[in-house]
S.K.: 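Let me begin by handing over the structure; questions about it come next.
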Amino acid sequence: MRSFPLSNRIAGLDTVRAVAALSVVFAHLLGPSMPGVSRYIFTGHPAVIVFFIISGFCIHFPFRTAEMSAVAFLKRRYLRIMIPTAVALVLAQWVGIRQYNPIDGYILWSVVCELIYYSLYPLLLPISRKVGWPLMIVVSVIISYLIAIGLGSDKYGNAQIYGPSLNWVVSLPTWFMGCYIAQIYRRGTYFGNIWIWRAATALTASILYWATLNTPIGFYLTMIPFGVLACGWILSEASNAERGNASAIMEKVGEACFSIYLIHVIAAAAIERLGITSPVIICAGSLLLVAPFFFFVEKPAHELSRRLGGRMVVGTS
């Protein structure tokens, strides 16, 4: 095995993160007040599925052909995600959002899933090298649907109602998809017209959002197929960025995607305490309040994780 440089970032992924994070914000803060079918434009759960795929991609990419230090890897990932989450949790309780906790699952359900995926990855990596990601995806899809179909869902067809012990299993196939596309990713590969991928992914997400609220076909049944489409979009964005077409603004916004995800509902609640009721003003104010959280909480946590975590890639001959 050879070592792989950790600084080797894939341009375009932050654009995807930015779109997904903003979709969650707009779905939570603007969607309920929008008229008719326009309320389905912005989606929450499909955006989280995109986050899972990108997470799998970014976690696995440095280790496609490299050995890893499990201790260093876990220290860096835990510090990076748990410090901002802990601060956000305290802020949420301060503004009175009691359901903002790892058990009830509001916002933090996906963070719990991520922590479990990080914890399992040092064990999953050697398995993937023996059996391959495709087989692992197939097995995980079967298990996911056995749980989802066997237990059913709520009246909205949600796919995160199974609690901390099972939510991560139901979404695991999409995280594995991210690992798989990281394994096969090759620079210089053209993935087609970027606007077709963007439109197809956005339209599909909106249709599935409508379906989960108005038909028996809920997110708990549709998010794995949607994940396949999202993989194509993610690879297309990377291809588009590689040719010099990435948006500098969206790439910068994407760097703060975790802060956007964690803090937007907390900021909205704080703004509403001031007597402000306009969804547009609340949404805009919430996004503005992301900046101090990113610069004073998330970014220092990243730097601390790099300093204390040590070297994740183990050089071998």
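Hydrogens, waters and symmetry mates play no part in the numbers below; they use all other heavy atoms, side chains included. It should be emphasised that the depicted structure is a prediction, and the values quoted were computed from it without experimental measurement.
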S.K.: Once side-chain hydrogen bond (donor to acceptor under 3.5 Å, both in side chains) is applied, what residue pairs with a partner in residues 296-305 remain, sequence neighbours excluded?
M.R.: Arg80-His302, Ser259-Glu298, Glu298-His302
S.K.: Looking only at the side chains, is there a donor atom on one of Tyr220 and Thr212 sitting less than 3.5 Å from an acceptor on the other?
M.R.: no
S.K.: Please determine whether residues Val297 and Ile107 belong to a single hydrophobic cluster, defined as Ile, Leu, Val, Met, Phe, Trp and Tyr linked transitively by side-chain heavy-atom distances below 4.5 Å.
M.R.: yes
S.K.: I'd like to know whether Ser110 forms a side chain to side chain donor-acceptor pair (under 3.5 Å) with Tyr261, so could you lay out the CA-CA distance, the side-chain angles of the two residues, the decisive distance to 0.1 Å, and finally the verdict.
M.R.: CA-CA 10 Å; Ser110 65; Tyr261 183 73; 2.8 Å; yes
S.K.: Any side-chain hydrogen bond (donor to acceptor under 3.5 Å, both in side chains) pairs touching residues 160-181, not counting sequence neighbours?
M.R.: His45-Gln160, Ser55-Trp175
S.K.: Using the side-chain hydrogen bond (donor to acceptor under 3.5 Å, both in side chains) rule, collect all pairs that involve residues 221-235, keeping only residues at least two apart or in two chains.
M.R.: Trp233-Glu237
S.K.: Would you please indicate yes or no on a ring centroid separation below 6.0 angstrom for Phe73 and Tyr121?
M.R.: yes
S.K.: Does a side chain donor of either Ser119 or Tyr78 reach within less than 3.5 Å of an acceptor in the other side chain?
M.R.: yes
S.K.: Please check if atom CD1 in Ile217 has more than 12 non-hydrogen atoms from other residues, nucleotides or ligands closer than 6.0 Å.
M.R.: no
S.K.: Without swapping roles, check the side chain of Arg17 against the backbone of Phe258 for a donor-acceptor pair under 3.5 Å.
M.R.: no
S.K.: Tell me whether Tyr156 shares a hydrophobic cluster with Ile207, the cluster being built from Ile, Leu, Val, Met, Phe, Trp, Tyr side chains joined at under 4.5 Å.
M.R.: no
S.K.: Can you find a heavy atom in the side chain of Leu108 that is under 4.5 Å from one in the side chain of Pro102?
M.R.: yes
S.K.: Decide if atom CD1 of Ile249 counts as having more than 12 heavy atoms of other residues, nucleotides or ligands within a radius under 6.0 Å.
M.R.: no
S.K.: Taking the side chain as everything from C-beta on, heavy atoms only, tell me whether Leu74 gets closer than 4.5 Å to Pro122.
M.R.: yes
S.K.: Would you indicate whether Phe296, at its atom CZ, is surrounded by more than 12 heavy atoms from other residues, nucleotides or ligands within a distance under 6.0 Å?
M.R.: no
S.K.: Any side-chain heavy atom of Leu30 within less than 4.5 Å of one from Ile41?
M.R.: no
S.K.: Charged N to carboxylate O below 4.0 Å: is that the case for Asp14 and Arg9?
M.R.: yes
S.K.: Between Glu242 and Arg186, is the closest basic N to carboxylate O distance under 4.0 Å?
M.R.: no
S.K.: Between side-chain atoms of residues 142-152 and protein atoms elsewhere (two or more places apart, or another chain), which donor-acceptor pairs fall under 3.5 Å?
M.R.:
{"from": "Ser144", "atom 1": "OG", "to": "Val170", "atom 2": "O", "distance (Å)": "2.7"}
{"from": "Tyr145", "atom 1": "OH", "to": "Leu221", "atom 2": "O", "distance (Å)": "2.6"}

S.K.: Identify, with sequence neighbours excluded, every residue that meets ring pair (Phe, Tyr, Trp, His ring centres under 6.0 Å) alongside Tyr100.
M.R.: none
S.K.: Is it the case that atom CE in Met136 sees more than 12 heavy atoms from other parts of the structure closer than 6.0 Å?
M.R.: yes
S.K.: Are Trp133 and Phe57, when compared by the centres of their aromatic rings, separated by less than 6.0 Å?
M.R.: no
S.K.: Are Phe52 and Leu172 close enough, and set up right, to give a side chain to side chain contact (heavy atoms under 4.5 Å, CB included), and what steps lead you there?
M.R.: CA-CA 8 Å; Phe52 285 152; Leu172 184 60; over 6 Å; no
S.K.: Only pairs at least two apart or in different chains count here, so list each side-chain hydrogen bond (donor to acceptor under 3.5 Å, both in side chains) that has a residue in residues 20-41.
M.R.: His28-His264, Tyr40-Asn214
S.K.: Applying side chain to side chain contact (heavy atoms under 4.5 Å, CB included) to Ile234 and Ile54, what does each step give before you reach the verdict?
M.R.: CA-CA 8 Å; Ile234 291 166; Ile54 292 180; 3.8 Å; yes
